[in-house]
Structure formats: C-alpha cells, structure tokens
Protein chains: 4
Amino acid sequence: MTAVDLRSPGRPRDDTAGPALLAAARRLVIAHGYEAVSVQMIAAEAQVGRQTLYRRWQGKADLVLEAFLASAQNAELCHADGTTEEKLNLFLGQVFKNLTTDGPAIRSLIASAQSDPDFREIFKQRFVQPRAEIVANIIQLGTARGEIRNDTDIDTAVTMLHGAFWYPLLLGETLNYELAHRIVRLLFEGIGTAKETRNSTRKN
Amino acid sequence: MTAVDLRSPGRPRDDTAGPALLAAARRLVIAHGYEAVSVQMIAAEAQVGRQTLYRRWQGKADLVLEAFLASAQNAELCHADGTTEEKLNLFLGQVFKNLTTDGPAIRSLIASAQSDPDFREIFKQRFVQPRAEIVANIIQLGTARGEIRNDTDIDTAVTMLHGAFWYPLLLGETLNYELAHRIVRLLFEGIGTAKETRNSTRKN
Amino acid sequence: MTAVDLRSPGRPRDDTAGPALLAAARRLVIAHGYEAVSVQMIAAEAQVGRQTLYRRWQGKADLVLEAFLASAQNAELCHADGTTEEKLNLFLGQVFKNLTTDGPAIRSLIASAQSDPDFREIFKQRFVQPRAEIVANIIQLGTARGEIRNDTDIDTAVTMLHGAFWYPLLLGETLNYELAHRIVRLLFEGIGTAKETRNSTRKN
Amino acid sequence: MTAVDLRSPGRPRDDTAGPALLAAARRLVIAHGYEAVSVQMIAAEAQVGRQTLYRRWQGKADLVLEAFLASAQNAELCHADGTTEEKLNLFLGQVFKNLTTDGPAIRSLIASAQSDPDFREIFKQRFVQPRAEIVANIIQLGTARGEIRNDTDIDTAVTMLHGAFWYPLLLGETLNYELAHRIVRLLFEGIGTAKETRNSTRKN
DNA sequence: GTATAATCGAGACGGTACGTCACGTCTTTAG
DNA sequence: CTAAAGACGTGACGTACCGTCTCGATTATAC
C-alpha cells in the first residue's frame with residue numbers, strides 16, 4: 001500500500017486504444033500507403049479520438065513505424081540446423097516472405113525515415129540491427145565450421161546481403177525464394193576467377 | 001529547309017526557367033530537405049511564377065526528382081582502362097562521391113518515390129537502369145577477358161553491387177572509397193571456401 | 001429537463017468568430033468593394049483562420065451577403081401609427097437611409113447574386129421577401145381602413161414600390177426622403193385622369 | 001496616291017474580328033452567364049487571338065457590355081397610335097419580350113456594372129437613358145391629350161415604371177404581358193381612394 | 001460523499017501547402 | 001504593324017491535413 005500505489009489519479013488510459021491504433025495504422029498503410037493515410041483516418045479506423053493518438057505518439061510517422069516494427073519483431077528464430085549456406089537461404093527466404101506482404105508499407109516507412117534523422121536512427125536500431133546480427137552470427141559460426149573463409153570481411157558481407165534485398169525492395173521488384181538462393185550462391189562463390197591471387201592483392 | 005521549321009507558334013518557353021527551377025530545387029532540397037521545401041519557395045528562388053513550374057512538371061516530387069536525376073546524369077561512362085576490378089572500384093568510387101553531396105537529397109527522393117508507383121518507375125528507368133547497365137557491361141567485358149567467371153549470374157551481381165551502396169545510403173551511413181573497395185573485393189572472392197564444389201552444386 | 005442538452009459534442013464553435021467575420025466582411029466590402037476583397041483579407045481582418053470561414057459559409061459571396069442581410073435586418077418596426085401614406089413614407093425613408101451607407105455594397109451583392117441562382121434565391125428570401133411583406137401588410141391594413149382602394153392589385157403595388165428604389169439604387173443615383181415621398185404620392189394618386197372609367201376598362 | 005494613302009503601314013486590322021468577338025461574347029454570356037465565361041473562351045469562340053480582344057477593349061466587362069448594348073439598340077421607337085395607356089402597354093410589352101431572351105445576360109451586366117462606376121455610367125447613358133426618354137415622351141404626350149394628369153411628376157413616374165421591371169428582372173422572376181398590363185393599370189389608377197383630396201394634400 | 005484529476009470522443013481552431021484557374025502582359029513567327 | 005498562339009508573373013480560389021485547443025462526459029484516486 002505504501003510504495004505500491006504510485007498510479008497517478010484520474011482516469012487511467014484505455015489499454016485497448018494503443019493496440020487498436022497500431023493495428024489500424026498497419027491495415028491502412030498496407031492498403032493505401034503511408035502518404036495516403038491521414039492521422040484522421042487512422043483514429044477513425046481505430047474508433048478512437050485523434051488526441052488519444054497524439055497522447056501516445058509524436059505523430060503519424062512515429063505511430064506507423066512502431067506498427068511495423070512490432071510486426072517485424074518475429075523475425076527471430078533461424079537457429080535452424082544445416083550448413084551455413086542453408087541457414088542464410090532460410091533467413092533470406094523468411095525475410096522475403098515477410099516483405100511480400102509488408103513490402104510496400106516498409107517502403108513507405110523507409111521513405112519517411114529519410115526526412116527525419118531520429119526516425120532513421122530508431123529504424124536502424126530496431127529493424128536493421130537485429131537482422132544484421134543474425135546474419136553476422138550465422139557467418140561467424142560458418143567460419144568456425146570451416147564453411148566460410150576465415151578472412152571474410154563480415155561487416156561488408158552483411159551489408160551486401162541486406163543491400164541485396166533492400167535494393168530490389170525499394171525498386172518495387174518481386175522478392176522470391178529463387179532470388180534469395182541466387183544471392184546466397186553468389187555471395188559464396190564470388191564472381192572472380194583468380195581465387196589464388198587473393199592473398200597477394202589483399203596486401204595493399 | 002521546309003522541314004526545318006517545326007516550331008510551334010506562340011511565345012516560346014523560357015529556356016532559362018526550367019534549369020533555374022531545377023537548380024533552385026536542388027539547392028533548397030539539399031539545404032532544407034524535401035519536406036521542408038514548398039513549391040512556392042522553389043518558384044521564388046528561381047524567380048519564376050509558380051504556374052511556370054506546373055507547366056513543366058506534375059508537381060514538387062516530379063521536379064525535384066529530375067533535379068537530382070540530372071545531377072546524377074554525369075556519372076560518365078567509366079570506359080577507363082584497367083582490370084575489371086579496377087573498373088568496378090572506379091565506378092563505385094564515383095557513385096559514392098556523388099552520393100556524398102547528394103545523399104540526403106537522394107534519400108528524400110527515394111522516399112517520395114515510395115508513395116507513387118509511376119514515380120518509382122521513372123526513378124528506375126532514369127536513375128537505376130543506366131547505372132545497372134554500366135556495371136553489367138563491365139562484368140560482361142570481364143568474362144570475355146577471363147577475369148570474371150563465365151557462369152556468373154550477372155543480374156544478381158548487379159543487384160548486389162547496387163544494394164551494397166543503397167543499403168548504407170538509406171541508413172545514413174557514410175560512403176567512402178574504402179567501403180567501395182571492400183565491396184568489390186568481396187564480390188570477387190565470395191565468402192565460401194569450397195570453390196571446387198561449385199560446379200557440382202550449381203547443377204540443380 | 002432532459003431535452004435541454006442538445007449540444008453536439010466536440011469543441012463548440014467560437015461564437016465570436018462568426019460575428020467577427022461578418023463585421024470584417026462589412027467593413028472591407030464597404031471600404032474596397034466586393035471584388036477587391038479576398039477571403040484571405042476577411043479572415044485576417046477578423047483574426048480568424050480561413051477554414052473557420054469556410055466552416056460557416058460556402059464562400060465569400062455567401063458570407064458577404066449575410067453580412068449585409070444582418071445589417072438590414074433592423075428594418076422591422078414600422079408598426080407606427082398614422083395614415084397608410086405616412087407609414088409607407090416612413091418605411092421607404094428608412095430603407096433609403098440604410099441604403100445610403102450600404103448602397104454600394106448592396107449593389108456589389110446583387111451583382112454577384114446574378115451569377116448564382118442559389119445566391120439569388122437566398123437574397124430574395126432573406127432580403128426582399130421580408131420587406132415585401134411589410135409593405136403588403138401596410139397596404140392591406142390600408143384597405144381595411146378605407147385609405148386604399150379595395151380592388152388594389154397588392155402584388156403589383158409592392159413590386160412597383162420596391163422597383164422604385166432598386167432601380168435608382170442600381171444606377172448609382174442618390175436616394176433621399178424627397179424621392180421617397182414623391183414615390184408614395186404617385187403610387188397613391190396614379191397618373192391617370194379618368195378615374196371613373198376604371199371599372200369599364202377593367203373588364204377585359 | 002499622295003494624300004490618299006494615310007493608312008498606317010503594316011497589316012491592317014481584321015474588320016471581322018471585332019464583330020466576331022461581340023457575337024461570341026453575346027452567345028456565351030447568354031448561354032453560361034457572365035462570370036462563367038472567360039476571356040479565353042470568348043476569343044476561342046470567335047476564333048481570334050486573345051490579344052486581339054485586348055487591342056479593342058479594356059477587358060471582358062467592356063466587351064460584353066458593348067455586345068449587349070448593341071443588341072438592345074433596336075428597341076425601336078414605339079411611335080404607335082392609340083391611347084397613352086395602350087402605348088405604355090406596348091412599350092413595356094416589348095421591353096419584356098427582349099428581356100425574356102437577354103434577361104439573364106443583362107442581369108450579368110448590371111451585376112458587373114456595380115463594381116465599376118465608369119461602366120455604370122456608360123450603361124446608364126446607352127441602355128437606360130434612351131428607354132427613359134421614350135417613356136417620358138409618351139407621358140408628356142398623354143398630358144397634352146388629357147389622358148394624364150397634368151401635375152404628374154414625370155421623373156418619378158418614369159422611375160417607377162422602369163423599377164417595376166428591373167426589380168423582378170433582377171430577382172429572376174418571369175416577365176410577361178400580364179404583368180406589364182397590371183403595372184400600367186396601377187400606375188394610371190394609383191392605389192388611393194381619396195382622389196378628390198389630392199389638390200389639398202398636394203399643397204405641402 | 002465529494003473533490004480533484006486525467007482520460008475519453010468529438011470537433012473547432014489557426015496555419016500552411018497544395019494544385020487549379022483566370023487574369024492581363026509579353027514574346028515569338030507569319031502575313 | 002497586326003494576327004494567332006501560347007508562355008509569363010501574379011494572385012485568389014477552395015481543399016486537405018497538420019498539431020493544438022476546448023468542450024461535456026467518464027472514471028479513477030484522495031480526502
């Protein structure tokens with residue numbers, strides 16, 4: 001009774017309002033795209049007052065971002081067995097699957113992210129970083145198992161792997177399993193013929 | 001001599017107005033970002049009527065896109081001599097250099113591109129495609145010269161190379177020569193150890 | 001008691017905004033004329049957002065009309081004593097007095113009214129009709145009192161009396177008491193000499 | 001050849017352009033109303049450049065006014081025989097007939113006239129005055145013939161007669177022969193009963 | 001109980017930018 | 001020098017959102 005009750009007086013917030021807004025935002029942005037959706041529409045869809053939204057988020061961008069971060073959260077797992085190549089295939093395949101539904105919306109997001117550095121930072125931390133770490137882990141494990149060259153530049157590899165799907169995503173091209181496999185394949189093999197010259201050229 | 005005179009009647013368009021608008025748009029968007037710049041401001045900066053802008057472009061997005069497309073146009077051909085790797089390094093280096101100044105603005109652009117499929121298509125055709133072809137050519141030439149494996153999946157290679165800079169660009173990370181080199185290096189070498197197994201696995 | 005609370009939810013309209021807009025409109029239109037006054041100016045003069053204006057009226061015409069309708073509203077009374085002729089004199093005199101200040105603005109109004117049938121209808125209902133009824137009442141009372149011929153065509157009489165001031169008003173001529181008296185006089189006497197022939201000519 | 005040729009050099013004005021513009025203006029204003037017709041439309045309808053219009057008139061109002069003044073010119077003189085009452089009936093009937101077609105357009109005109117004093121003056125001189133004189137003449141002749149009381153206030157009578165049709169015209173009501181007759185009748189008879197008291201009341 | 005206080009939906013508020021329209025002027029080539 | 005054509009700068013229009021504010025009503029704790 002003493003320290004327990006720190007709740008402020010007054011009517012407590014409606015716990016259903018937040019989730020309802022997130023869901024509404026997701027639905028509408030997927031349906032019509034970020035720009036075409038107004039704060040008004042989201043609040044109406046959630047059957048909530050507009051002020052209730054502003055009480056919880058800074059504005060549209062803030063809300064919509066969270067709506068999709070939440071949805072992308074479940075990109076965990078991937079601690080599957082199999083070779084490193086198989087694991088990367090699996091990872092990329094899953095990412096592609098998610099982006100098939102959310103793609104346009106995610107595009108909308110990264111769009112808005114461009115106009116706001118803070119937004120971009122949050123986006124990186126909560127959306128990009130986790131995925132980068134998964135890939136980094138897979139690759140690192142691969143080097144330990146001898147499937148990945150142990151002088152591999154992991155950061156760059158991660159960058160390329162992700163770029164390989166961000167790029168077509170942003171251009172509105174379809175992401176399918178076949179592309180995923182081709183990307184992973186290429187990443188493993190490289191395009192060069194002169195494999196043995198590597199050590200010498202690497203010097204400088 | 002008869003065929004010479006195809007000019008339409010009426011006062012000809014002011015040839016300085018278009019470039020002035022493009023330049024003004026570039027300047028302002030670089031300075032303040034896409035969202036913060038209004039059509040009014042651009043017209044005023046260009047010392048031109050607002051209607052003159054609408055006579056040449058659909059709206060702000062259209063104009064600003066072209067402003068940066070034009071600036072990127074001079075990504076000249078890279079018919080430099082040297083090995084394929086050197087050429088790719090050079091290409092990527094140049095792209096990075098351009099993006100160092102225009103990066104934020106380009107980000108603004110691709111942002112807006114997301115909300116409009118038509119816009120995205122134009123963006124692809126005029127900004128992405130030309131660069132993709134340059135890289136494709138370089139690689140193709142490389143296969144002929146034996147520097148690139150002749151079973152290389154060129155499309156995927158191009159995708160990866162571009163993704164490799166779009167990705168950090170959109171995340172607001174710095175693009176420098178060192179990254180360019182690392183990307184090209186990795187693309188050549190691949191990350192896999194089992195180079196000899198390639199032909200067998202490639203079968204399916 | 002339950003029926004008392006019919007107020008709609010949401011923030012109530014600012015009761016000062018409407019009158020402020022009307023007053024601003026009146027002031028500006030009198031000062032500069034209808035055409036020279038923009039919606040922007042009126043809103044600014046009233047220290048009110050432009051949208052607040054559009055929330056209450058269809059547009060400039062609508063607002064300005066009401067601004068002058070309101071000002072003319074106080075043309076009620078006239079339930080003065082006296083003979084019918086004195087009452088008509090009083091009525092017409094009052095109308096003239098009002099039009100002396102508002103004349104130019106009213107002209108602006110009826111001007112715009114011509115281009116919009118809806119506008120014209122409103123104008124009739126709220127500006128013309130009430131006055132017509134006042135006059136009709138005065139005349140009807142006059143017939144009961146034996147001051148007006150009981151076979152008088154009241155509608156036509158009303159039309160003539162009003163036309164008698166609309167006409168000079170629209171032509172920009174001054175309206176004074178003397179004119180008012182002359183009109184009423186003429187209306188009473190008629191211009192014909194052969195008063196007794198009336199019944200016979202009336203037949204056809 | 002010497003003194004004869006005072007014509008200025010260069011291409012001569014196209015004499016058909018002016019009339020074509022007037023006709024086009026009349027047609028369009030009758031069809032759509034003054035406000036809805038743009039200078040552009042008139043020029044296009046007349047198959048003439050826009051500048052050609054501005055070379056001959058100040059602007060739309062100027063042109064349209066002349067277009068209808070010209071059309072009204074043929075309000076021929078009504079030197080018909082018959083009693084004064086018959087003549088006034090005939091005159092008013094003709095005016096009403098003209099206004100049946102041109103009414104809406106004339107309304108548009110007087111509308112615009114309100115915003116421009118010069119315009120209004122021209123309108124009065126060329127449209128109103130001639131008709132006023134016709135009526136004045138008829139009445140004057142009537143007094144000579146003993147059909148009109150010789151102490152009649154002619155100016156006021158003229159004003160009332162014209163107001164009697166301007167008023168319903170501006171309110172968009174139909175003008176027909178029956179109304180014309182009722183107006184003339186009322187004007188002759190007056191509405192008062194006490195005809196014999198006239199001379200005494202007239203004193204003051 | 002009765003304050004006090006924060007929440008809720010609703011909607012008006014002052015702003016700002018948008019894209020359209022018409023204006024009257026200016027600038028071409030052709031006659 | 002005029003003609004047709006049409007681009008030019010200007011400025012008002014009405015619409016759409018933005019983020020804030022102000023209501024009455026509701027729902028909790030605190031006295």
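It should be emphasised that the depicted structure is a prediction, and the values quoted were computed from it without experimental measurement. Letters A, B, ... are given to chains in the order of the sequence lines, protein chains preceding strands, and every chain is numbered from 1.
- Heavy atoms of B:Gln40 sit under 4.0 angstrom from primed sugar atoms or phosphate atoms, though from no base atom.
- When every heavy atom of C:Arg50 is checked against every heavy atom of C:Ala43, the shortest pair comes out as CA-CB, 4.0 Å.
- Side-chain contact between B:Ile30 and B:Phe68: present, with at least one pair of heavy atoms (C-beta onward) separated by less than 4.5 Å.
- Taking atom CG of residue B:Asp62 and atom C1' of nucleotide E:dG19, one finds them 13 Å apart after rounding to whole Å.
- The base of E:dG9 is not paired with the side chain of A:Arg50 by any donor and acceptor separated by under 3.5 Å.
- Here E:dC13 is the nucleotide among F:dC13, E:dC18, E:dC13 with the atom lying nearest to any side-chain atom of C:Arg55.
- You'll find a donor-acceptor pair under 3.5 Å spanning the side chain of C:Arg11 and the base of F:dC21, going by distance alone.
- Listed nucleotides: E:dT25, E:dT28, F:dG19. Nearest to the side chain of D:Tyr54: E:dT25.
- Donor-acceptor pairing under 3.5 Å, judged by distance alone, is absent between the side chain of A:Arg13 and the base of E:dT7.
- Between A:Ile42 and A:Val37, the shortest heavy-atom contact is CG1-CG1, 3.5 Å.
- Heavy atoms of C:Gln58 sit nowhere under 4.0 angstrom from any nucleic acid atom.
- Considering only side-chain N and O atoms, D:Ser38 lies nowhere under 4.0 angstrom from the phosphate OP1 or OP2 of E:dC21.
- In this structure, D:Leu63 places its CG atom 11 Å from P of E:dG24, rounding to the nearest Å.
- For C:Lys60 and C:Tyr34, the positive end sits near the middle of the six-membered ring, less than 6.0 Å away and at most 45° from its axis.
- Annotation: of the two residues near DNA chain E, C:Gly49 and A:Asp14, the 5′-most nearest-nucleotide partner is A:Asp14.
- A sub-4.0 Å separation between OP1 or OP2 of E:dG14 and a side-chain N or O of C:Thr52 is present.
- For the pair C:Gln47 and B:Ala36, nearest-nucleotide mapping onto DNA chain E gives the more 5' position to C:Gln47.
- Each of F:dA5, E:dA10, E:dC13 was ranked by its minimum atom distance to the side chain of C:Pro9; first place goes to E:dA10.
- Here D:Gln51 lies in heavy-atom contact (under 4.0 Å) with a base.
- Rounded to whole angstrom, the span from the CG atom of A:Leu21 across to the C1' atom of E:dG9 amounts to 12 Å.
- Mapping D:Ala46 and B:Arg56 onto DNA chain F by nearest heavy atom places D:Ala46 at the nucleotide closer to the 5' end.
- Rounded to a whole Å, the CG atom of A:Leu53 is 17 Å from the P atom of E:dG11.
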Please lay out, stage by stage, how B:Leu22 and B:Trp57 fare under the test side-chain contact (heavy atoms from CB on, under 4.5 Å). CA-CA 11 Å; B:Leu22 289 170; B:Trp57 292 278; 3.7 Å; yes
